[in-house]
Every structure is written in structure tokens, then in C-alpha cells.
Peer 1: 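First, the structure itself, so that you have it in front of you.
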Number of protein chains: 2
Amino acid sequence: MTRDSNTALEIAPASPGDTKERLLDAAERRFAELGFQGTSMRAVTQLADTAVSAANYHFGSKEELLRAVIRRRVQPINEKRIKRLDEVEAAASTPDVEAVVDVFLRPLFEARAERLASAGGEFFRQIAARLYADPQQLVLSMRKELFSEVNERFLAALLRALPEAAPEAVGVGMQLMVGMMVHAISGQHGESEIDDLPGTDYEPRLARMIAFASAGIRAAAAVPEQGGAR
Amino acid sequence: MTRDSNTALEIAPASPGDTKERLLDAAERRFAELGFQGTSMRAVTQLADTAVSAANYHFGSKEELLRAVIRRRVQPINEKRIKRLDEVEAAASTPDVEAVVDVFLRPLFEARAERLASAGGEFFRQIAARLYADPQQLVLSMRKELFSEVNERFLAALLRALPEAAPEAVGVGMQLMVGMMVHAISGQHGESEIDDLPGTDYEPRLARMIAFASAGIRAAAAVPEQGGAR
DNA sequence: GTCTATATGTTGATAGAC
DNA sequence: GTCTATCAACATATAGAC
């Protein structure tokens, strides 16, 4: 495989100037498939049809390349979440749990459908799953940087939606919703047939996820403080 | 750091014959902290106070070492799950959703409490999270090998508990429960204060998780087939 | 069973030409 | 901005002594 052969393996035909974008696409794909540590800079730059030094010119290091890959996808999703949550909170001082959960989950599906439509990439969801499974400092700091504000806003909204519930219980419910979401979008679990996510026709699946998470949060909040199941 | 210095970094004082166990403990810890690809055999064998060749003597390769680490923890948990599910199904032909979910989740907490009590290790849960975030063939085949039977048994039990529901909906509910579980046990998400799991006094948290998952599964199953939220 | 020593390949990053 | 060439460090795995 030489760098000149423009085969299906490459992200897009190389045209001058967009090397940086091609590197982001290639890194997104390889980080998703092989993981951050499992991906060499060579694996990325070969897919992007360029040289290792070009990647280091644009991003400085492998770690910074990862940050750029993740930021590119997460930021628009979070902006959409915040904007819609503003609207929900403006409409009602005591929002519905379902409305808050909808606003939290829907932008993920919308972003994925957009990317599928533009042949962009099916890969980011896999990176997101890894992001939540890695306790290393690099990844931990990215999670904090990317999700602190959103998590605080949505937790506050859920607390307002469930004013009678113990705050700790709502926090647990929110955490469990995030887990449900991460696992569901990472897909391809291979243990059953319904694991994989629908692409553009996501509404039925999303409806089930909203129902699951909303009912789950309400139920977790309703467990009595000292109640054991034993 | 010489191999003779018996510092706190090592897993246990080296006594002859238990090199294999020390290697499993050390690998469990390092794979949890650094990931499989991020961990070198040297990092494992230094922690276990032995040589790389000893690890390859006992396990053959790094991949087989990973398999051994994971099997050691997962097998007892799954055996407990199956045994208790047998009992639940023997007691009632239409089991409770709550009873099935309890039997699925509780063995995880019991195993963790046992390990904490024996200072065994706080590390496996992190490996489990990585196990679910990795789409590579090695990991995929391990998931299939380890969880196929359990997943099939519990999905069948849930279908029996919800005879009116669409099977696809129950499958989605089961998948979302697994996601909730994986994320919750991996802990240390760092975005909020309630992320970390309680150790031995796990009953209150477990009760909330059972309530969340059971209500979630029921709600997901109750969403009408063509119903959208839009 | 466990060691030391080593073979062979790959890694991330940079120097310097154009 | 992008390349080729190169570096030192590190990887997995094995050979062979004890």
C-alpha cells in the first residue's frame, strides 16, 4: 500500500489544504476501532494519506489529536442540549422529567443521523464509549472539561422536576441514565440482534430510551431512604 | 526499583509457587488502570515481582493473560446468577421483573464486597467497563464466550415476566439495563460526587438500581410500537 | 519454574530539505 | 505545510542456563 494509491481505505481524495480535516477523520476512525493506545500515529497518517510529521505539525502530539477529535463532535451536541434546556426551563418552572430526558438524549441521535447522511462517520459513538471506560488522567480531564457544565445543568433540571425526591437519589438516577445512554450508543455489542442502533429512523428507539430513563429516574427517586430489598 | 525491594508497589510478598496468582493480581490492576494495550508485560511483571518470561510460561501470551484475568472474576458471578435464576423460575412460572433484575445485579455487588473484605482488588470493575467499550475481535469474542448464555437466560426470563410486551422492546430494555450496570459499577466518573460505588454497605444503592432498571424495562416495553415522541 | 540475555520490530516525536 | 530520514525508547516474545 503506497501513499499514492487512492483506494477505498482512504478517507477522502487528498486535496491540498484539507490535510487537517482528513487527519481528524482518520484519527476518529482509528481511535474508535483500535482505541487511543492501540492506534499508532502511523496508522492514522497512512489512512489520511499524509506523513506523521504533518499530524504533529497540526496537532502537536497524539494526545492533542485525540482532544481535537472529541471536541469536534461533542461541542455541537452539548450546545444543542443547553439551548433546548434553556427553552424547556423557560416554558415551565417545574419541567417534566420526560422533557428533560428528551432534551438530553435527542441531540445525540440527531448528530448521528446528520453524520450518516453526509457519510461523515459512524465512528464517534465508539470513542464516546471508550471515553467513559477509561480512568486515566488524560481522559478524565477531558470528560470533566466536556461534560461538567452539561451534567450540572441537567441534574439541576431533574431536581426541579422532582422536588419531593432526595437529591442523592436523583443524582443516582442521572448517573444511571448516562450509563444507559453510553452503552446504547456504542452499539455493536454482539451478544444479541437488537444491539445495533438504527440510523436515520431513530424515533422508535429513542422513544423507548426516553421512557426507560424517565421511569427509571422516577423509580430510583421513589425508593425509601433506608429501604433494602433483602 | 529493583526486584528485591518489597515495597508497597508490589501485590504481595513473593512466596514460591504463587507466581501465577501474583501475575493475575498484577495484571488485573494494571489492565484496569492503563488498559490492555496501554499495559506492557514489563509493567505487569515488575508489579508481580517476577520476569516477563515467567508470565509467558504460565499464560503463553499477553492476550491469554487478559482472558485468564477476566475469567477468574466473571465465572463465579455468572454461576451465581444462573443458580439463582433457576430458583426464581422454579418458584413462579411468571416471575417478577424485580426478582429477575435483582438476581442479575446482586451477584456483582456481593463479589465486589467479598473482594474488598479480603483486600483482593478494587480493579476488576474497571476492566469490565473497558470490556464493554472495546469493539476489537479479541474482546468481542470474550464477551460472547462469557455472557451469551447468561444474557439468553435472563432475556428469556424477562420475556416470561412480561408476556404482553413486544419481544424487541424487552430486548431493548435488557440492553439498557446492562448499560446502566456497566457504567454504575465502573464508578469514578469524576463528574459528580455520587459517582463512586459504596463498598460493603451496598444495599441502598442496589435497591435504587433495581428500581431504576425494573421500571425502565416496564416502561420501554409499554411504549406503543409506532409511537414517536415528536 | 524462573531467571538473564537478546532478537526483532514498532513506537512518538523531531530535524531539516523543499 | 508537507515531506523524508532518523532517533532513542520501548514493545512482545523466545533461547537457553540453572
Side-chain angles (χ1 to χ4, degrees), chain A residues 1-6 10-31 33-70 134 136-139 142, chain B residues 1-6 10-27 29-31 33-69 136-139:
Chain A
M1 180 69 65
T2 74
R3 286 194 43 250
D4 307 275
S5 72
N6 220 332
E10 281 146 29
I11 283 283
S15 74
D18 57 6
T19 299
K20 195 169 175 178
E21 280 298 308
R22 289 206 324 281
L23 280 166
L24 285 171
D25 291 340
E28 177 170 282
R29 177 164 186 165
R30 289 296 183 241
F31 288 160
E33 291 167 346
L34 310 171
F36 176 67
Q37 326 232 38
T39 302
S40 66
M41 291 296 276
R42 278 164 181 78
V44 172
T45 53
Q46 273 168 30
L47 183 63
D49 197 27
T50 184
V52 177
S53 47
N56 278 314
Y57 170 81
H58 284 292
F59 300 100
S61 71
K62 192 184 172 187
E63 291 199 355
E64 283 306 315
L65 175 57
L66 175 66
R67 299 186 106 94
V69 164
I70 293 178
D134 199 323
Q136 289 209 259
Q137 206 47 60
L138 165 67
V139 174
M142 295 197 58
Chain B
M1 178 70 65
T2 75
R3 289 196 40 250
D4 307 276
S5 73
N6 218 331
E10 283 147 28
I11 282 283
S15 73
D18 58 5
T19 299
K20 194 168 174 178
E21 279 298 306
R22 289 205 324 282
L23 279 166
L24 285 171
D25 290 340
R29 177 164 186 164
R30 288 295 182 243
F31 288 161
E33 291 166 347
L34 310 171
F36 177 67
Q37 327 233 37
T39 302
S40 68
M41 290 297 274
R42 276 167 180 74
V44 172
T45 53
Q46 273 168 30
L47 183 63
D49 196 27
T50 184
V52 177
S53 47
N56 278 314
Y57 170 80
H58 284 292
F59 300 100
S61 72
K62 190 184 173 188
E63 292 199 355
E64 283 306 315
L65 175 57
L66 176 66
R67 297 187 108 94
V69 164
Q136 289 210 256
Q137 206 48 59
L138 165 67
V139 174

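Residue numbers start from 1 in every chain, and the chains themselves are labelled A, B, ... in the order their sequence lines are given, proteins ahead of strands.
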Peer 1: With rounding to the nearest 0.5 Å, note down the distance linking CZ in B:R30 to OG1 in B:T45.
Peer 2: 10.5 Å
Peer 1: I need the NZ-P distance between B:K62 and D:dT14, as an integer number of Å.
Peer 2: 15 Å
Peer 1: Quick one: B:K20 NZ to C:dT2 P, roughly how many Å, whole number?
Peer 2: 11 Å
Peer 1: Measure from the side-chain heavy atoms of A:A51 and tell me the nearest of D:dT4, C:dC3, C:dT2.
Peer 2: D:dT4
Peer 1: Provide the closest heavy-atom pair for A:N56 versus A:S61 in the form atom of the first, atom of the second, distance.
Peer 2: OD1-CA, 3.6 Å
Peer 1: Using atom CG of B:D18 as one end and atom C1' of C:dG1 as the other, report the distance to the nearest whole Å.
Peer 2: 13 Å
Peer 1: Between D:dC3, D:dA13, D:dA11, spot the one nearest the side chain of A:T50, thanks.
Peer 2: D:dC3
Peer 1: Taking atom C1' of D:dA11 as reference, at what distance in whole Å does atom CZ of B:R30 sit?
Peer 2: 17 Å
Peer 1: Quick one: pull up CG in A:L24 and CD1 in A:I70 and give me the separation to the nearest 0.5 Å.
Peer 2: 11.5 Å
Peer 1: Compare side-chain N and O positions of B:Y57 against OP1 and OP2 of C:dT2 and report whether any pair is under 4.0 Å apart.
Peer 2: no
Peer 1: Contact class for A:S53 (heavy atom, under 4.0 Å): base, sugar-phosphate, or nothing?
Peer 2: base
Peer 1: What is the distance from CZ of A:F59 to C1' of D:dT2, rounded to the nearest Å?
Peer 2: 14 Å
Peer 1: Take the protein atom CG of A:L34 and the nucleotide atom C1' of C:dT11, then report the distance between them rounded to whole Å.
Peer 2: 15 Å
Peer 1: Among the candidates C:dA13, C:dT11, C:dG1, find the nucleotide nearest to the side-chain atoms of B:H58.
Peer 2: C:dG1
Peer 1: Compare the minimum distances between each of D:dT2, D:dA11, C:dG12 and the side chain of A:M41, then state the nucleotide with the smallest one.
Peer 2: C:dG12
Peer 1: Measuring to OP1 and OP2 of C:dG12, would you say a side-chain N or O of A:S61 lies under 4.0 angstrom away?
Peer 2: no
Peer 1: Would you say B:K62's side chain and B:F36's backbone share a donor-acceptor pair under 3.5 angstrom?
Peer 2: yes
Peer 1: If I take atom CD in residue B:E63 and atom P in nucleotide D:dA11, what distance separates them, rounded to the nearest angstrom?
Peer 2: 17 Å
Peer 1: If I take atom CZ in residue A:R42 and atom C1' in nucleotide D:dC10, what distance separates them, rounded to the nearest angstrom?
Peer 2: 13 Å
Peer 1: Is a side-chain donor or acceptor of B:Q136 paired with a backbone partner of A:G35 at a separation under 3.5 angstrom?
Peer 2: no
